[in-house]
*Asks:* 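Sharing a structure, written as structure tokens. Questions coming.
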Amino acid sequence: MAYDPKQIERKWQAVWAEERTWEVANPGQPGYEGSKPKSYVLEMLPYPSGEPHVGHLKCYAVGDAIAHFRRRRGFEVIHPMGFDSFGLPAENNAIKTGEPPREATERSIASFRRQFGEWGISIDWSRQLATHTPEYYRWTQWIFLQLFEKGLAYRTEAPVQWCPKDATVLANEQVVDGRCERCGTEVVQRNLEQWFFRITEYADRLLADFDRLESWPEHVITMQRNWIGRSEGAEVVFRCEEAGLDFPVFTTRPDTLFGATFFVLAPEHPELERLVAGTEAEEAVREYVNRVGRESAEERGAEDREKTGVPLGRTVVNPVNGEEIPMYVADYVLMEYGTGAIMAVPAHDSRDYEFAQRFELPVRRVIEGTDPDVARDAAGLPYAGDGPMTGSGRFDGKGNRDAYAAIVAWLEEEGRGRPAVNFRLRDWLVSRQRYWGAPIPVVYCEGCGEAGTPAIVPVPAEQLPVELPEVEDYAPQGKSPLAAAADWVATECPRCGGPARRETDTMDTFVDSSWYFVRYLDPGNGEAAWDRAVADHWLPVDQYIGGVEHAILHLMYARFFTKALADLGVLDVQEPFANLFAQGMITRDGAKMSKSKGNTVSPGEYVERYGADTARTYVCFMGPPERGGDWTDEGVEGVNRFLSRLWRLCEEVEERTEPGDAGGAEGEARELLAKAHWAVDKATRDFQRGFQFNTVIAAVMELVNDSYRLKDGLFGDPAGGAVLRFATATAASLIFPFAPHLGAEVHQRLTGERVWEQPWPVADPALLASDTVTLVVQVNGKLRDRIEAPAEAGKEELLGLARGSEKVARHLDGKDVVKEIVVPGKLVNLVVR
RNA sequence: GCCGGAGUGGCGGAAUUGGCAUACGCGAUCGACUCAAAAUCGAUUGCCCUGACGGGCUUGUGGGUUCGAGUCCCACCUCCGGCACCA
């Protein structure tokens, strides 16, 4: 019978569903396996939109291989799945088609759920969750309230990134090259009241705790580190006497303070208007600020942009030397970073230098040195290197690094500055003026408020969830569509009982996915988000798997949540994911797959045509899974050919051999037996060494190839037959993590056992060593012959064998051997002159 | 500009501690089976010279260390990813 994956796959999927094979119990529940060490294997939960794509296939194929391997290595593996089901695409679809987001989302979840079943992923479905259900978001809201109580969630007016197309604000992390990450529209800045999470409070811990991680890809850590962007320096106060205003600046180079020749404010600086009100400069400044305000972040950040700005007609005093330096407004100073004001040192900063050239401002050098590699002016400026101080009063002659500390110490004494640390990281903006998300659980109460400002009153935990109301129109109009649900908005203040209105913004979906890995552990809990003891048992996630596109956003938010929840006393771990595996992206024809390019690959079609085992094994065989790979149909067919070969081998072996003892095999039977043990050893080592699934699969291919090569000589005798049966069953056992259905089927036919209930095989060391080795003989480092030599042969014996070779002798002829290198068991190198 | 990663046959890739470069797969060529094709099974397949035996060359480039380098060191080139007027 030909290999029929459909039939085999349906059969085993039914067994696993029927027997709930992959479900695991919590401590205290019946069926709990306390004797085994736990292992939490988790893939990032999918966002259910349309159908699963190849990225999903790869992620879950990789994760499932790890889960299967660990189970058979004696771990109690928890391997859950859920759906990140709130979010913009479902809502945009609703606006376009009128279909309520809930319906489209639930249809998509059903489709994902069905396909994951068809892929045969070993999920504990009893723990399934979806973030859009009240049973889930009730606890998302609860966490929000915990953060609010701790002052980690707050509401404030701030300049925010606004996407005009999606009509919502975005987190900084969701703005890519000045455009909305989702729809590509250029974002604009607006001042709005918004909710934030105080992630900046955790910036130092987020950096320091990289040390607590067991194994994360270096580049992911680097990306987060860059994103957090910690800079050490000093805050220095410059005073404008005329206006009676102090302007603190942040600088990483206090050693260059004596070189400051002008001072620049960001166009958004709050004191700017007051500073120029009623002066000659007022008109020009206002015009400049308006012009800058109309520009997009992208235009403003353009690389080759010329410096622009306007003088303010005011001066500030440089605290180190009492010098008055002129003030400017310029858009190269950003309000979001530091204090929105800088001291400009053109001699030692290329941006300040450009500005000084343009506005013909003085350039004063305060550090000596040259920097030959970089294009400089005749004086070697701007110079960013180290060197002795000059023109800096009593600090002259000191190295600039020593002067740095001395100047900061002096500033501190004088009360004009202090050491300071600045982060690029901003607080996490979590409110969205959109419908399809978890409502923010607060109300605004005039009665509880003061002076016309309503009070923010949190909804008490026992009144959660604040359910998302049904609405007719999902289109955003600059405020949340929830505002239209008048009956829902009008409510009672939980504090005073008076009339109040609900917050109509919803939460960013990244909030939902920042804690889901905890809810899996106790998904049915109606009393609490989770039971502390249960969470302590399973956490942290031992192996997290997902796309590198989440390297910053999701992974950093989840780390922040974990730390905040640990501080609240409800979690015991500081880091959620001990080990992270970031899979590479699959391309087609060398390009990222996209519907517009028409180069998408539908996993469903391939599963239909070749079976899930082929599709799963293929994505693991394409190359190292952390790297990307190009999808080719020929490659899929190659894997399918291999699985078919294993299938046909099984049929022939089942028919023509009997189970028996393979122990005393000799000759070719022993050769195949040794190959099987080699494959076990190779597969086990490669599984543990990173996740080199491509070479694990290659080893099984070799075993199957050797079985084909040798089988005709082995069918005759019982020992040979027994070895063939063993080799084929071993191949099935090793391929099982990738092709679980075929692996289970072949293994059961040949051994009568259920492969997933069998421990992972262990190679017999006696069969890994062979009696003879291939001795490589080199002359002057060049390969001249290969000789079969006894494995135990000593130096002298190997040298004798080497010299005895005719091919070698030809190259020794008439020359002196000046050196002999012998690596026992491997090689002889004769050096001649 | 700063940070990270990678360059190996026609293609995807392998090479674990400095010791047989190109495992495994794809593609290609040939053969067996077939009326024929597909499927399958088997053989060959880095490049160059040679009729053959055999020899030379080869891991982005150039140097170095070493008996021996894809692997270590120095300099450079190219590509990919992240960050970027961040003071």
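Chain letters run A, B, ... following the sequence lines, proteins first, then strands; residues in each count from 1. Since this is a predicted model, take the numbers as computed values, not measurements.
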*Asks:* Does a side-chain N or O from A/Arg225 land closer than 4.0 Å to OP1 or OP2 of B/C3, or not?
*Replies:* no

*Asks:* Just how far, in rounded Å, is C1' of B/A6 from CD of A/Glu218?
*Replies:* 16 Å

*Asks:* Could you measure between the two P atoms, the one in B/A37 and the one in B/G12, and give it in whole Å?
*Replies:* 33 Å

*Asks:* Send over the distance from A/His219 NE2 to B/G5 C1', rounded to a whole Å.
*Replies:* 8 Å

*Asks:* Of the nucleotides B/A23, B/G19, B/C85, which one has an atom closest to the side chain of A/Leu827?
*Replies:* B/G19

*Asks:* Which part of the nucleic acid, if any, lies within reach of A/His348 when heavy atoms closer than 4.0 Å are counted: base, sugar-phosphate only, or nothing?
*Replies:* nothing

*Asks:* Collect all protein-nucleotide pairs involving nucleotides 13-15 of chain B in which both atoms are nitrogen or oxygen and the distance is under 3.5 Å.
*Replies:*
residue: B/A14; atom: OP1; partner: A/Asn694; partner atom: ND2; Å: 3.2
residue: B/A15; atom: OP1; partner: A/Arg689; partner atom: NH2; Å: 3.1

*Asks:* In the 5'-to-3' direction, what one-character label does each nucleotide of nucleotides 40-52 of chain B receive under the scheme B = base within less than 4.0 Å of a protein heavy atom, S = sugar-phosphate only, - = no such atom?
*Replies:* SSS----------

*Asks:* Starting from P on B/A23, measure out to CG on A/Asp706 and report it in whole angstrom.
*Replies:* 14 Å

*Asks:* With syn defined as a glycosidic torsion within 90 degrees of 0 and anti otherwise, which applies to B/G9?
*Replies:* syn

*Asks:* Starting at the 5' end of RNA chain B, which residue's closest nucleotide do you reach first, A/Asp349 or A/Lys807?
*Replies:* A/Lys807

*Asks:* Heavy atoms from C-beta onward define the side chain here; which of B/G25, B/A87, B/A84 lies closest to that of A/Tyr337?
*Replies:* B/A87

*Asks:* Looking at A/Tyr606, I'd like to know if the NZ or CZ of A/Arg609 sits under 6.0 Å from its six-membered ring centre while staying within 45 degrees of the ring's axis.
*Replies:* yes

*Asks:* How far, in whole Å, is B/C47 from B/C33 if one measures between their P atoms?
*Replies:* 30 Å

*Asks:* Relative to each other, are the rings of A/Phe687 and A/Phe69 parallel, tilted or perpendicular (30° and 60° limits)?
*Replies:* parallel

*Asks:* Between the side chain of A/Asp352 and the main-chain N/O of A/Ala347, is any donor-acceptor distance below 3.5 Å?
*Replies:* no

*Asks:* Salt bridge or not between A/Glu671 and A/Arg709? Use side-chain N to carboxylate O under 4.0 Å.
*Replies:* yes

*Asks:* Expressed in whole Å, how much space separates the P atoms belonging to B/G9 and B/C83?
*Replies:* 32 Å

*Asks:* Are A/Asp331 and A/Arg291 within salt-bridge range, i.e. N to O under 4.0 Å?
*Replies:* no

*Asks:* Out of B/G82, B/C3, B/A87, which nucleotide sits closest to the side chain of A/Thr222?
*Replies:* B/C3

*Asks:* Which of the following nucleotides, B/C83, B/G25, B/G54, is nearest to the side chain of A/Trp227?
*Replies:* B/C83

*Asks:* How about A/Tyr328 and A/Phe263: are their ring centres within less than 6.0 Å of each other?
*Replies:* no

*Asks:* When rounded to the nearest Å, what value does the distance between C1' atoms of B/U58 and B/A15 take?
*Replies:* 16 Å

*Asks:* Any side-chain N or O of A/Lys782 under 4.0 Å from OP1/OP2 of B/C57?
*Replies:* yes

*Asks:* Among B/C20, B/C24, B/A87, find the nucleotide with the atom closest to the side chain of A/Ser231.
*Replies:* B/A87

*Asks:* Check the orientation of A/Phe738 and A/Phe693. Use parallel for under 30°, tilted for 30 to 60°, and perpendicular for over 60°.
*Replies:* perpendicular

*Asks:* Under a 4.0 Å N-O cut-off, is there an ion pair linking A/Arg230 with A/Asp204?
*Replies:* yes

*Asks:* By nearest atom, which of the nucleotides B/C20, B/A87, B/C3 is closest to the A/Thr774 side chain?
*Replies:* B/C20

*Asks:* Taking the six-membered ring for Trp, are the ring centroids of A/Tyr353 and A/His348 within less than 6.0 Å of each other?
*Replies:* no

*Asks:* Distances under 3.5 Å only, N/O to N/O: pair up the protein atoms with those of nucleotides 67-71 of chain B.
*Replies:*
residue: B/C67; atom: OP1; partner: A/Lys819; partner atom: NZ; Å: 3.3
residue: B/C67; atom: O2'; partner: A/Asn829; partner atom: ND2; Å: 3.3
residue: B/C67; atom: O2; partner: A/Asn829; partner atom: ND2; Å: 2.5

*Asks:* Nearest whole Å is fine: how far is B/G54 P from A/Leu783 CG?
*Replies:* 13 Å

*Asks:* Give a yes/no answer on whether the side chain of A/His811 brings an N or O atom under 4.0 Å of OP1 or OP2 in B/G55.
*Replies:* yes

*Asks:* Look at the side chain of A/Ile342 and decide which nucleotide, out of B/A23, B/A87, B/G55, has an atom nearest to it.
*Replies:* B/A87

*Asks:* I'd like to know whether CD of A/Glu796 has more than 12 heavy-atom contacts from other residues, nucleotides or ligands below 6.0 angstrom.
*Replies:* no

*Asks:* Please state the P separation for the pair B/G56 and B/A69 - nearest whole angstrom.
*Replies:* 16 Å

*Asks:* Given the C1' atoms of B/U17 and B/C24, what is the spacing between them in whole Å?
*Replies:* 24 Å

*Asks:* Determine the interatomic distance between C1' on B/U59 and the same-named atom on B/A14; round to the nearest Å.
*Replies:* 12 Å

*Asks:* Under 4.0 Å between any heavy atoms, over every strand shown, what does A/Arg230 touch: base, sugar-phosphate, or nothing? Just pick one.
*Replies:* nothing

*Asks:* Looking at A/Asp633 and A/Arg588, is there a salt bridge between them, counting it only when a charged N and a carboxylate O are closer than 4.0 Å?
*Replies:* yes

*Asks:* Rounding to an integer number of Å, can you tell me how far A/Asp255 CG sits from B/A87 P?
*Replies:* 13 Å

*Asks:* Under 4.0 Å, heavy atoms only, any strand: does A/Val333 hit a base, just the sugar-phosphate, or nothing?
*Replies:* base

*Asks:* For A/Arg426 and B/C83, what is the distance between atoms CZ and P respectively, to the nearest whole Å?
*Replies:* 16 Å

*Asks:* Whole-Å distance between B/A87 P and A/Glu336 CD?
*Replies:* 13 Å

*Asks:* By nearest heavy atom, map A/Arg786 and A/Met343 onto RNA chain B; which one lands nearer the 5' end?
*Replies:* A/Arg786

*Asks:* How many whole angstroms separate atom CZ of A/Phe693 from atom P of B/A23?
*Replies:* 23 Å

*Asks:* Under 3.5 Å, is there any donor-acceptor pair linking the side chain of A/Lys826 to the base of B/C20?
*Replies:* no

*Asks:* Please name the nucleotide paired to B/A15 by Watson-Crick or G-U wobble geometry with both distances under 3.5 Å, or report none.
*Replies:* none

*Asks:* Between A/Tyr557 and A/Trp428, is the ring centre distance below 6.0 Å?
*Replies:* yes

*Asks:* With C1' as the reference atom in both, quote the distance from B/G7 to B/U66 in angstrom, rounded to an integer.
*Replies:* 25 Å

*Asks:* Between A/Lys6 and A/Asp4, is there a side-chain N and carboxylate O pair less than 4.0 Å apart?
*Replies:* no

*Asks:* Strictly below 4.0 Å, N to O, side chains only: are A/Glu336 and A/Arg426 in salt-bridge contact?
*Replies:* no

